[in-house]
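All values below were derived from every heavy atom in this structure, side-chain atoms included, with hydrogens, water molecules and symmetry-related copies excluded. Counting starts at 1 for both ligands and their atoms, following the listed order. Treat the numbers as computed from the prediction; the structure is a model and nothing was measured.
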Amino acid sequence: MFEGIIRMFKEKDGFVSGEEMSRRLGITRAAIWKKMKALREKGYVIEGSTAKGYRLIKTPEFSVEELKILVKGDLGKEIIFRESLDSTNTLAMELAEKGIPHGTVVIANRQLKGRGRLGRTWFSPPKGNIYMSVIVRPEIEPKDATMLTIMSAVSCARAVRNSTRNESFPTGLEVNIKWPNDLMVSERKLGGILTEMKSDQDRIVFAVIGIGINVNASLDAFPSDVRAVAASVIEELRKGKGIKGDSPEISRTLIIAAILNELERWFKVLIKGGRIQLINEWKKLSSTLGRKVKVVSGKDTFSGIAEDIDDEGMLMLRLPSGGLKKISAGDVIMLR
Ligand code: BTN
């Protein structure tokens, strides 16, 4: 119902009479009044005029109704929103196990037990960061699972670049990918992706793509070790003077919609066998290739030049000895 009202406002871009709303939604004028009250409580600014009806002035920084309108494909058609939970990935894995359809997305305002790669925690305070998990049921073999990670990193980097584009930032934030899937800006970590899955011998049953991006939360609230290496969209835009002083919050709705629409596009590319196209896009966005790096992979540490990624998404490291080392998982530290 709320979605229908927001759609009407967006179609008209002006006043919508109470009479028209009541006719199109099949509810009384008194019921419309109650819906307007509820929308205002959710953070929508709606002007009301006895003569002209209602007009939408401002949408909140995050709104499920608006997100559903902006999402173009299957990914994001169903959205499960929670104010607070342990981890969107944990809930998404449970729901996927119970058979929830491909494309369902779990979003939360905060996580109490946010999880990062390699068993780490993901600091997930409230106030405007992105914590989301997308359930996909891709028809690909388990050996190609790394491609889901590549696809997700490409989609998120492109989405943040495009959705932060404005007059002051004609290209948007310059988000890059540090292998395998850290979202970086100015060499600091803006976001991360945790892909988890269930597979049997020859197929992936489902995968959950968990995305965490620092958008509005103040980095001052972060633990000092995280703050030392982290970035957030709002602080980057402030630095670049894209927005000034006590700026309004950045819309999570627009960023999440852009992520889901990019994921939809690149998921189709992947399913249709466009692995090379995806890898090429990843390479364009990479901040790792060509750099001298140290890679910590399990108990081992290797240093060398990050030469390439292969067509399975493995990092190819040129060692000082001249040999080439293929690495499937680990942490990259940039040396110069
Ligand atoms: C990383 O370590 O870089 C990956 C971080 C992934 C964090 C996201 S936040 C939403 C989803 N739920 C989680 O518990 N983790 C992922």
Side-chain angles (χ1 to χ4, degrees), residues 62 67 75-76 79-97 100 104-136 145-146 148-157 159-160 175-185 187-197 206-217 219 222-223 225-233 252 255-256 259-260 263 282 285-288 295-298 313 315 329-334:
F62 177 69
L67 180 58
L75 301 185
I79 293 168
I80 296 169
F81 174 73
R82 295 275 190 281
E83 182 56 40
S84 173
L85 45 53
D86 280 351
S87 150
T88 55
N89 261 39
T90 306
L91 177 58
M93 288 294 282
E94 286 165 14
L95 294 171
E97 188 65 62
I100 209 154
T104 305
V105 181
V106 179
I107 300 174
N109 266 351
R110 82 187 289 197
Q111 300 185 115
L112 304 172
K113 292 185 187 155
R115 297 189 281 114
R117 281 196 320 121
L118 310 170
R120 298 188 184 121
T121 55
W122 184 257
F123 184 62
S124 311
K127 298 232 165 69
N129 282 348
I130 291 176
Y131 313 112
M132 64 188 277
S133 298
V134 186
I135 297 164
V136 288
T146 350
L148 290 174
T149 296
I150 299 277
M151 170 194 85
S152 310
V154 163
S155 303
C156 289
V160 180
V175 182
N176 294 304
I177 306 166
K178 181 158 79 83
W179 184 88
N181 54 2
D182 284 352
L183 301 170
M184 308 294 289
V185 61
E187 307 251 319
R188 300 170 83 87
K189 185 156 166 169
L190 186 74
I193 299 164
L194 174 68
T195 309
E196 297 179 295
M197 69 193 71
F206 61 78
V208 165
I209 301 165
I211 301 164
I213 301 178
N214 301 325
V215 181
N216 289 300
L219 294 180
F222 279 49
D225 54 329
V226 182
R227 189 170 63 231
V229 290
S232 77
V233 172
R252 266 182 297 164
I255 301 181
I256 296 176
I259 291 175
L260 291 170
L263 275 173
W282 187 95
L285 293 163
S286 156
S287 61
T288 313
V295 188
V296 184
S297 176
L315 181 66
D331 269 327
V332 168
I333 298 140
M334 304 289 201

From Q111 atom CD to L91 atom CG, the distance as rounded to the nearest 0.5 Å: 10.5 Å
Give me the residue, atom name and distance of the protein heavy atom closest to atom 10 (C) of ligand 1. T88 OG1, 3.2 Å
For R117, counting its heavy atoms only, list the atoms of ligand 1 lying under 4.0 Å from any of them. 1 (C), 2 (O), 4 (C)
May I ask you to check whether Q111 has an N/O atom sitting below 3.5 Å from an N/O atom of ligand 1? yes
Heavy-atom contacts with G114 under 4.0 Å: which atoms of ligand 1 show up? List them by number with element. 14 (O)
Scan the side chains in residues 125-135 for donor-acceptor partners under 3.5 Å anywhere in the protein, sequence neighbours excluded, and list what turns up.
residue	atom	partner	partner atom	Å
N129	OD1	V215	N	2.7
N129	OD1	N216	N	3.3
N129	OD1	A217	N	3.1
N129	ND2	Y131	OH	3.4
Y131	OH	P125	O	2.6
S133	OG	T88	O	3.4
S133	OG	T88	OG1	2.7
S133	OG	N89	N	3.1
S133	OG	N89	OD1	2.6

What are the atoms of ligand 1, with element, lying closer than 4.0 Å to any heavy atom of S87? 12 (N), 13 (C), 14 (O)
Does an N or O from W122, backbone or side chain, lie closer than 3.5 Å to an N or O of ligand 1? no
The atoms of ligand 1 lying under 4.0 Å from a heavy atom of D182, numbered in the order shown, are 3 (O)
Part of I193 within contact of ligand 1 (heavy atoms, under 4.0 Å): backbone
Polar proximity ligand 1 side, K113 side, N/O cut 3.5 Å exclusive: no
Atom 3 (O) of ligand 1: which protein heavy atom is closest, and how many Å away? K189 NZ, 2.6 Å
Counting heavy atoms only, which part of M132 comes closer than 4.0 Å to ligand 1: side chain, backbone, both or neither? backbone
Measuring only between side-chain heavy atoms, which start at C-beta, is K113 closer than 4.5 Å to T121? no
Heavy-atom distances under 4.0 Å are what count here, so tell me which part of I211 touches ligand 1: side chain, backbone, both or neither. backbone
Donor-acceptor contact below 3.5 Å, side chain S287 vs main chain N176: no
Kindly compute the distance separating CG (N214) from CZ (F123), expressed to the nearest 0.5 Å. 9.5 Å
In terms of residue, atom name and distance, what is the protein heavy atom nearest to atom 15 (N) of ligand 1? R115 O, 2.7 Å
Do C156 and I193 have side chains that approach each other closer than 4.5 Å (heavy atoms only, starting at C-beta)? yes
Looking only at heavy atoms, which two atoms of M184 and K178 are closest? And how far apart? CG-CB, 3.6 Å
Could you tell me whether a side-chain N or O of S286 sits under 3.5 Å from a main-chain N or O of W282, the two making a donor and an acceptor? no
Would you call V160 and V185 a side-chain contact if the rule is heavy atoms closer than 4.5 Å? no
